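Here's the structure we're looking at; comments come further down.
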Amino acid sequence: MTTGKIFEVQPGGTVRGRFRVPGDKSISHRAIMLGSLAEGMTRVSGFLEGADALATLSAFRAMGVNIGDPGQGRLQIEGVGLHGLQAPAAPLDLGNSGTSMRLLAGLLAGQRFNSELTGDASLSKRPMERVTAPLAEMGAVIDTAEGGTAPLRIRGGQTLQGIRYDMPVASAQVKSSLLLAGLYAKGETWVREPAPTRDHTERMLEGFGYPVLREPDGWVGVRGGGELRGMSIDVPADISSAAFFMVGATIAPGSEVILEHVGINPTRTGVLDILSLMGADIELRNRKEVGGEPVADVRVRSTTLHGVEIPPRMVPLAIDEFPAIFVAAACAHGTTVLTDAAELRVKESDRIAVMADGLQRLGIDARPTADGMVIKGGQFTGGEVDSHGDHRIAMAFAMAALRAPEPVVIHDCDNVDTSFPGFAELAAAHGVGLRVVGAGDP
Ligand code: S3P
């Protein structure tokens with residue numbers, strides 16, 4: 001039995017136009033969090049009005065922060081200061097959003113009050129010990145369900161102590177969770193990642209006037225007890241959302257798009273490097289810096305791709321873009337090999353298993369491995385795939401239809417709204433034959 005929205009995508013088409021995809025999800029979450037903890041007003045433009053960032057927004061409203069209703073990406077946050085949050089009356093439901101849960105775990109570990117974090121079925125399966133274990137070393141008291149998963153029950157009123165933590169996984173969420181806890185800890189809290197990950201938390205803390213400490217061998221830290229000052233934030237378009245159109249325009253002959261004002265922070269541009277390595281025709285224009293984050297217009301024209309061995313160092317820099325990259329690899333000449341990407345198995349779905357299954361259903365020789373995939377470029381057939389409620393998998397397969405001879409039907413697409421509200425309409429307006437049909441079998 002199928003539930004939720006279905007994408008029915010007609011075969012073929014070209015992707016054309018000049019447009020801006022919605023705001024960056026990672027930056028939108030952090031704008032709400034840091035804006036709430038700042039002294040004074042924070043004004044945000046380009047905010048992503050998707051379910052994940054809205055879950056963070058609701059959580060802070062539930063803790064007494066006055067946040068205006070977002071409209072056309074604009075909102076205002078009346079910061080309450082680092083010690084101004086109030087106890088929420090009920091558990092904070094963070095829906096599908098791993099970023100909300102992991103970052104809030106750190107932030108709430110340092111509050112005077114108790115709190116509880118819950119999520120949907122997917123989020124309730126995702127590993128949380130990666131944050132609760134180091135937070136416990138800092139003195140946090142957090143109960144998890146068996147297996148270290150949500151719900152998280154956080155006991156307030158603890159005195160946190162800064163630690164030095166060498167992270168076992170390259171995760172911006174873990175790094176950010178500890179830095180946020182560090183704002184409340186005695187002394188200094190330092191983290192080091194095994195490979196660089198997105199640094200939006202560090203950049204935004206500095207934008208809010210909070211000093212970020214750095215040591216030459218990769219350690220980054222904060223000293224507790226400082227203050228954040230409200231500011232204006234211009235959220236760039238999300239490169240993770242732009243990635244679907246980069247791939248669509250690359251694989252559909254005759255395509256050309258200009259994606260405007262895309263965030264090109266170097267800790268996020270793995271997708272540009274990997275597609276370029278495969279031979280994609282991508283040009284960055286009109287580069288500038290907005291509020292501490294680099295942006296550019298990204299022009300993509302269709303071209304023939306070739307398979308590559310994806311360099312492991314690029315993996316954390318493209319961690320959310322692999323569903324789209326796999327579709328590109330399926331259209332390339334030759335074989336693409338991904339390794340060192342076991343993290344994909346603990347995203348909104350097991351993206352290695354679910355993507356391999358979908359690609360196989362569409363006629364592609366895709367072999368999942370423990371930490372990646374081997375994809376032989378070939379010819380898509382039409383067919384039906386299941387996104388398993390994973391927004392990025394649904395959108396990636398919508399692009400596959402551009403190279404299929406028959407329609408591609410994608411099930412369980414409701415969660416596309418978590419990161420990319422309006423995706424179906426935007427894709428349809430720019431050449432993807434996508435139609436949304438209602439829930440399936442009763
Ligand atoms: C995010 C970090 C990444 C990424 C997620 C957003 C963030 O997760 O996959 O979509 O905003 O910090 P990990 O830190 O688990 O790699």
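Both counts, for ligands and for their atoms, begin at 1 and track the order of listing. Computed from a predicted model, the values in this text were never measured in an experiment.
Between A172 and ligand 1, at least one pair of N/O atoms sits closer than 3.5 Å. Not one N or O of E348 is nearer than 3.5 Å to an N or O of ligand 1, by distance alone.
Each of the atoms 9 (O) of ligand 1 lies under 4.0 Å from some heavy atom of I319. Of all the atoms in ligand 1, the ones that sit under 4.0 Å from a non-hydrogen atom of T99 are 1 (C), 6 (C), 7 (C), 11 (O). Each of the atoms 13 (P), 14 (O), 15 (O), 16 (O) of ligand 1 lies under 4.0 Å from some heavy atom of S171.
Under the 4.0 Å criterion applied to side-chain N and carboxylate O atoms, E206 and R214 are assigned as salt-bridge partners.
Nearest protein heavy-atom contact of atom 10 (O) of ligand 1 is D320 OD2, 2.7 Å. Closest to atom 1 (C) of ligand 1 among all protein heavy atoms lies Q173 NE2, 3.5 Å.
In this structure a side-chain-to-backbone donor-acceptor pair under 3.5 Å is missing from D199 to E202. D371 places no side-chain N or O within 3.5 Å of a backbone atom of A342 that could act as its donor or acceptor partner. Formation of a donor-acceptor pair under 3.5 Å by the S171 side chain with backbone atoms of V174 is found in this model. Checked by atom type and distance alone, the side chain of K347 never pairs as donor or acceptor with a backbone atom of I352 at under 3.5 Å.
Contact between K347 and ligand 1 is present, with at least one heavy atom of the residue lying under 4.0 Å from the ligand. Ligand 1 is approached by R30 to a heavy-atom distance shorter than 4.0 Å.
Ring centroid separation for the pair F420 and H391 does not come in under the 6.0 Å cut-off.
If you look at H29 next to ligand 1, there are no close heavy atoms at all, none under 4.0 Å.
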#### Entry: salt bridge (Lys or Arg N to Asp or Glu O under 4.0 Å) between D417 and K5, intermediate numbers included
CA-CA 11 Å; D417 290 344; K5 281 184 202 156; 3.4 Å; yes
